[in-house]
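See structure below.
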Amino acid sequence: MADPLLNTLESIVTNATPLVIAAIGETITERAGIVNLALDGSIVLSAMTGFVAAYSLNTALTGGGMAVATATMLAIPVGVLVAMLVGALIALLIAVASIELNQDQVAIGFVLTLLGVDLAVFLGTNYARIPGPQALPIVFPVLSQIPVAGDIFFKQSGFTYLSYALIFGAWYYLFQTRRGLALRAVGERPEAAFARGVSVNRLRYLYAGLGGALVGLAGAAYSLNIKAGWTTPPNMQGDGWIALAIVIFGGWHPFRVVLGAYLFAGLRALASVIQRTPGIEINIMVLNAVPWVLMIVTLLLVSSGAIERALLLLPRGAQKWARNILRSDPPAALGTRFDPERGS
Amino acid sequence: MKQQAWLSRVSLAVAPIIVALLLTGLLVIAVGGNPLQALTEVLRGGFRDVASFAGVVNFWIPLTLAATGLIVTFTAGLWNIGVDGQITMGAIFASAVALSWNLPGPLLVIAQLVAAMIGGAFWGAVCGFLKTRLGVNEIFGGVALNQIASLATLYMISGPWQPPEGGSVRGSPPFPPESLFPVISDEFSVSLVMLIVVVISLVMIGLALRGTRWGLSLKATGQNARSALLLGVPVNRSALSAFIVCGMLAGMAGAFRTQFAFTSPSIRPLVSGGIGFLAVLVALVVARRISWLPLVTFAFSALLGGSAQLKAVLRLDVALVGVLQGVLVLTILLFNGLRTRLESRTSDRSGTSATPTPSVSGSEAVHG
């Protein structure tokens, strides 16, 4: 691993991990017709709670005489579970407000995202900037022996391995199973799904909670792995919005979402490499603005029809194929409410 | 019977406040604080003396300006989360004038306000252009533009406006004396000019939304953009105009912040102080009832004014006030939903939406 390029690529995969997990979670939720706009607050709050849970358990166990390595191995999964629970609860609150109380999902999500950050800062003050248990990289047996790819992809933490499983799992579930078909139907044409006997709102609760739990997992990936601990102001704040934009960029398809997350992490890494290069003088504020400009540009590409026009340049045979891959329409019933008593 | 209905109405209006206080109180207990003491400190904090009350008013002015602007964009069905960046951009433009123009006092004050309106309107127009011409949803455009605006502040402070003593990002040098907004008295340092500006803005926006062609076209755009377009309302143009008007008001709030947010008038990082996000919460609570707006912003400002006491007296994190405000807005929205659910159960079940927010259809909500 002496090669600096390999090092950079490896760190891109590490840094993209929470974005991948959160964006896949949100993809699942939005595919079922619910917008969880509270991603940013959820990630921050679950990062804090996950860290505090893992830290407290770790301290208690080592204080009781347990070996540090064993205590960490117990504390991290517990922290992860707590973070997932927090993420799921926030998403379920949005679902309840929409389904039972007819409130706008965007409004509730926005309030919750602000609230999540404030809550995390308030409750986490005493845990800021203290060392706690951290998930260490695990050298994956056999696969890590592959030249180049092994170094980049298979000397990562458990969070990253989980994210690989999620990518393929989400794709398989959404597009290859009957349950996935029902999930998508609930987000596209709830009345049709309802007519076929699918209980629309029950599925929406289920996938809001599941997607929210994954957002919580992403939060834990920050505080128990890549950002190592908790700080105020939260150092992962803002990434939730980027994950939301990646879902749109990814056209609500797991593979493209992942591509977006890696692309994003890659460009960020590029910016910091440029910054460290001697001889190039770029104001650090300009570099920090890069992700946000990128966010606007990627959304622009998706929505302005630029991709459509680029497709017309392709040979006719390839056009249909490419259009299928680049399709980026949101689920038709996204953000709307379904009333089973009226069937609409 | 009538009295009973009235009673239940009042209790449903008070209930969210009590629930929010209880929930936040539990959090204070969780960190080992005394919730009653915290509440009294926050409530009293803004009203201890003339100076602390001036502090409350100095939160109220920018918050009311920004929230008034948001009523305009909400009416047009737009989620103008970018309002925070519009405040920041107004502050940057006002600072540019204050730091480099040579004008006599009153003119320099007016020039700052005009520059701030241009700055805020410019940033609002960027968001509106992205939304209406290029299809970038205003929520994401706004979030990104907010970040870019605060980075622009840091850039200006660390570069062109670096104080002579050298490289810090703490803030610009203090503005020259001619640029300062006149205040009522040293003790009660509130700008009378700005109070008048706020009142005029509130009245003008209220009247414009109710009784002008422009206001009606905004309403039509907000309620159903597609049929408004079919009826000949220039949907894109009215959306863009809403962003620009909101930006102008938010920009003035930014100019105000440079004058009154810090110990000496200057521009510093986080100059908006999150006022923009708070204004979104206010706009969610008042929905389109603009006459309620100054009261709600006053309540929120009083909480902000009292927050300094939390840290000073009780050693509790100031974020508690943000928590209380967030929980309050959340419970109000949820109780709104609960009320309509109960009402529609007792009367006929006409499915009118209780949502006081812009009716963003789902696909539009995230896609544009």
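These numbers were taken from a predicted model, which means no experiment stands behind them. We use all heavy atoms of the structure for the numbers below, so side chains are in, but hydrogens, waters and symmetry mates are not. Proteins get letters first, then strands, A, B, ... in listed order; numbering begins at 1 in each.
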Using non-hydrogen atoms only, which part of Val31(B) is less than 4.5 Å away from chain A: side chain, backbone, both, or neither? side chain

Just wondering, do Leu93(A) and Leu330(B) contact through their side chains at under 4.5 Å, heavy atoms? yes

Tell me, with the steps shown, if Leu334(B) and Ile108(A) meet side-chain contact (heavy atoms from CB on, under 4.5 Å). CA-CA 9 Å; Leu334(B) 295 181; Ile108(A) 301 291; 4.2 Å; yes

State the CZ-CG distance between Phe140(B) and Leu37(A), to the nearest 0.5 angstrom. 6.0 Å

Please enumerate all residues that pass side-chain hydrogen bond (donor to acceptor under 3.5 Å, both in side chains) together with Arg268(A), with sequence neighbours excluded. Asp239(A)

Could you walk me through whether Leu145(B) and Ile296(A) pass the side-chain contact (heavy atoms from CB on, under 4.5 Å) check? CA-CA 9 Å; Leu145(B) 289 170; Ile296(A) 294 180; 4.2 Å; yes

Checked Leu338(B), Ile81(B), Val329(B) vs chain A; the most non-hydrogen pairs under 4.5 Å come from Ile81(B)

Side chain to side chain donor-acceptor pair (under 3.5 Å) partners of residues 105-125 of chain A, not counting sequence neighbours, each pair once: Ser98(A)-Gln105(A)

Gap separating the CG atom of Leu320(B) from the CG atom of Leu119(A), nearest 0.5 angstrom: 9.5 Å

What class does the angle between the rings of Phe110(A) and Phe277(B) fall in, given that below 30° is parallel, 30 to 60° is tilted and above 60° is perpendicular? tilted

Checking Val327(B) against chain A: side chain, backbone, both or neither under 4.5 Å from a heavy atom? both

Would you call Trp292(A) and Asn146(B) a side-chain contact if the rule is heavy atoms closer than 4.5 Å? no

Looking at CZ of Phe122(A) and CG of Leu316(B), how far apart are the two atoms once the value is rounded to the nearest 0.5 Å? 5.0 Å

Between Leu130(B) and chain A, with a heavy-atom cut-off of 4.5 Å, which part of the residue counts as in contact: side chain, backbone, both or neither? side chain

Residues of residues 19-27 of chain B near chain A, each having a heavy atom less than 4.5 Å away: Leu27(B)

Measuring only between side-chain heavy atoms, which start at C-beta, is Leu333(B) closer than 4.5 Å to Asp104(A)? no

Salt bridge (charged side-chain N to carboxylate O under 4.0 Å, His left out) filter on Arg339(B), not counting sequence neighbours, yields none

Pairwise distance CG(Asn102(A)) to CZ(Arg341(B)) - rounded to 0.5 angstrom: 10.0 Å

